Amino acid sequence: MYIVIEGQDGTGKSTQAELLKKYYEDQGREVVMLEEPDGDLPQAHDLHDMILTRGYNLEPLTNVLLFTAARVELWRKIAEPVLKRGGIVISARNYWSTLAYQGYGEGVSRGKIIRLTKDLLPEKYFTPDHGFILTVPDAIRLARQKDRGKATETFEAKPDEFQQKVNAAYPHIAKDFDLALLDASGTIESIFTAILDEIKH
């Protein structure tokens with residue numbers, strides 16, 4: 001089973017993915033959690049750093065290419081073997097993030113992003129068994145980011161206009177790809193319950 005939890009920074013994707021991982025591990029299942037585009041793969045981590053932390057101010061299309069390269073490495077070397085063994089892959093983000101950030105946010109053609117990704121990744125990557133997009137109002141998102149004390153990365157540092165474009169993108173993506181759109185402004189427990197309810201149904 002392949003499950004994707006998406007949303008802008010500060011919506012709680014990683015927290016929910018971790019809870020879901022533990023839920024299935026407690027059932028004795030083999031589970032791997034990915035945090036695209038980084039994961040626990042050195043080469044993917046290096047690509048992540050090149051885009052987000054080194055201040056290179058890369059061209060939007062370059063960001064698409066590097067994010068896609070990281071995804072290929074994570075999918076082929078980590079996700080695919082687990083799925084072939086009958087395990088569960090839970091991913092915080094997939095290429096929908098690139099559609100939101102580089103497509104809606106940075107202006108790269110969304111058709112180009114989809115075509116490139118489909119050329120390089122298998123059908124299973126595009127058809128998770130369950131896909132979720134978490135959304136929160138901007139004020140809550142910003143408060144959560146501040147509470148985390150996380151070092152500001154490239155896209156987190158972009159102006160409000162960019163953040164608003166990304167936030168507005170996710171409901172469109174949910175509609176286009178028939179994903180569950182969940183209000184993540186409630187408690188961690190209530191959001192997790194909503195995710196489990198969707199999976200069980």
Side-chain angles (χ1 to χ4, degrees), residues 1-40 48 71 74-75 78-101 104-105 123-150 153 155-156 163-201:
M1 184 161 54
Y2 171 40
I3 302 169
V4 178
I5 302 178
E6 261 287 0
Q8 197 173 7
D9 292 312
T11 54
K13 298 176 302 302
S14 297
T15 298
Q16 295 301 326
E18 289 279 8
L19 288 172
L20 202 55
K21 179 175 183 285
K22 183 178 186 305
Y23 172 81
Y24 284 114
E25 284 177 338
D26 287 348
Q27 296 178 14
R29 301 292 300 274
E30 179 186 8
V31 189
V32 65
M33 176 182 157
L34 304 178
E35 290 193 81
E36 286 197 7
D38 192 342
D40 291 323
H48 166 276
R71 288 189 178 102
L74 285 170
W75 187 263
I78 296 180
E80 215 164 47
V82 171
L83 291 172
K84 286 179 178 178
R85 292 194 297 268
I88 298 172
V89 174
I90 300 168
S91 183
R93 295 198 186 283
N94 81 345
Y95 84 108
W96 297 322
S97 284
T98 298
L99 287 175
Y101 282 81
Y104 286 86
E123 180 65 21
K124 182 61 178 175
Y125 180 82
F126 291 90
T127 55
D129 297 282
H130 302 281
F132 300 93
I133 289 183
L134 307 184
T135 64
V136 294
D138 276 335
I140 293 177
R141 177 182 60 79
L142 291 169
R144 287 178 179 177
Q145 287 176 295
K146 183 178 179 181
D147 288 344
R148 283 184 305 171
K150 182 180 178 182
E153 293 182 338
F155 300 114
E156 291 178 318
Q163 307 299 341
Q164 288 162 8
K165 285 180 182 178
V166 173
N167 244 4
Y170 276 112
H172 292 291
I173 292 169
K175 183 178 180 182
D176 289 345
F177 296 95
D178 194 25
L179 309 174
L181 187 67
L182 300 179
D183 180 357
S185 55
T187 64
I188 290 172
E189 294 76 16
S190 67
I191 300 159
F192 184 60
T193 298
I195 289 172
L196 281 184
D197 286 346
E198 286 282 343
I199 291 173
K200 290 174 181 177
H201 291 123

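Please read all numbers here as calculations on a predicted model, not as lab measurements. When reading the values below, keep in mind they use all heavy atoms of this one structure, side chains included, and skip hydrogens, waters and symmetry mates.
- Separation of atoms CD1 (Ile133) and CD (Gln8) is listed at 11.5 Å; rounding is to 0.5 Å.
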(Q) For His172 and Tyr104: C-alpha separation, side-chain torsions, deciding distance, then whether side-chain contact (heavy atoms from CB on, under 4.5 Å) applies. (A) CA-CA 10 Å; His172 292 291; Tyr104 286 86; 3.4 Å; yes
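- Using a 4.5 Å cut-off on side-chain heavy atoms (C-beta onward), Leu34 and Tyr2 make no contact.
- Looking at residues two or more places apart in sequence or on another chain, you find a side chain to side chain donor-acceptor pair (under 3.5 Å) between Lys21 and Glu25.
- Taken to the nearest 0.5 Å, the OH atom of Tyr170 stands 9.0 Å off from the CG atom of Leu99.
- Less than 6.0 angstrom separates the ring centroid of Tyr95 from the ring centroid of Phe126.
- Looking at heavy atoms from C-beta onward, Asp176 lies out of side-chain contact with Trp96 at the 4.5 angstrom threshold.
- Between the CG atom in Leu20 and the CE atom in Met1 there is a gap of 7.5 Å [rounded to 0.5 Å].
- The NE2 atom of His201 lies 11.5 Å from the NE2 atom of His130; values are rounded to the nearest 0.5 Å.
- For Tyr125, the side chain to side chain donor-acceptor pair (under 3.5 Å) criterion is met by Glu36, Arg71, not counting sequence neighbours.
- Rounding to the nearest 0.5 Å places CD of Glu6 at 7.0 Å from NZ of Lys13.
- Here the CG atom belonging to Asp178 is positioned 12.5 Å from the OG1 atom belonging to Thr127, to the nearest 0.5 angstrom.
- Side chains of Tyr24 and Ile3 form a contact here, defined as non-hydrogen atoms less than 4.5 Å apart.
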Q: In sequence, state the C-alpha distance, the side-chain angles, and the governing distance for Thr135 and Asn167, and then conclude on side-chain contact (heavy atoms from CB on, under 4.5 Å).
A: CA-CA 8 Å; Thr135 64; Asn167 244 4; 6.0 Å; no
**Q.** Trace of the side-chain contact (heavy atoms from CB on, under 4.5 Å) decision for Asp9 with Tyr101
**A.** CA-CA 11 Å; Asp9 292 312; Tyr101 282 81; 3.4 Å; yes
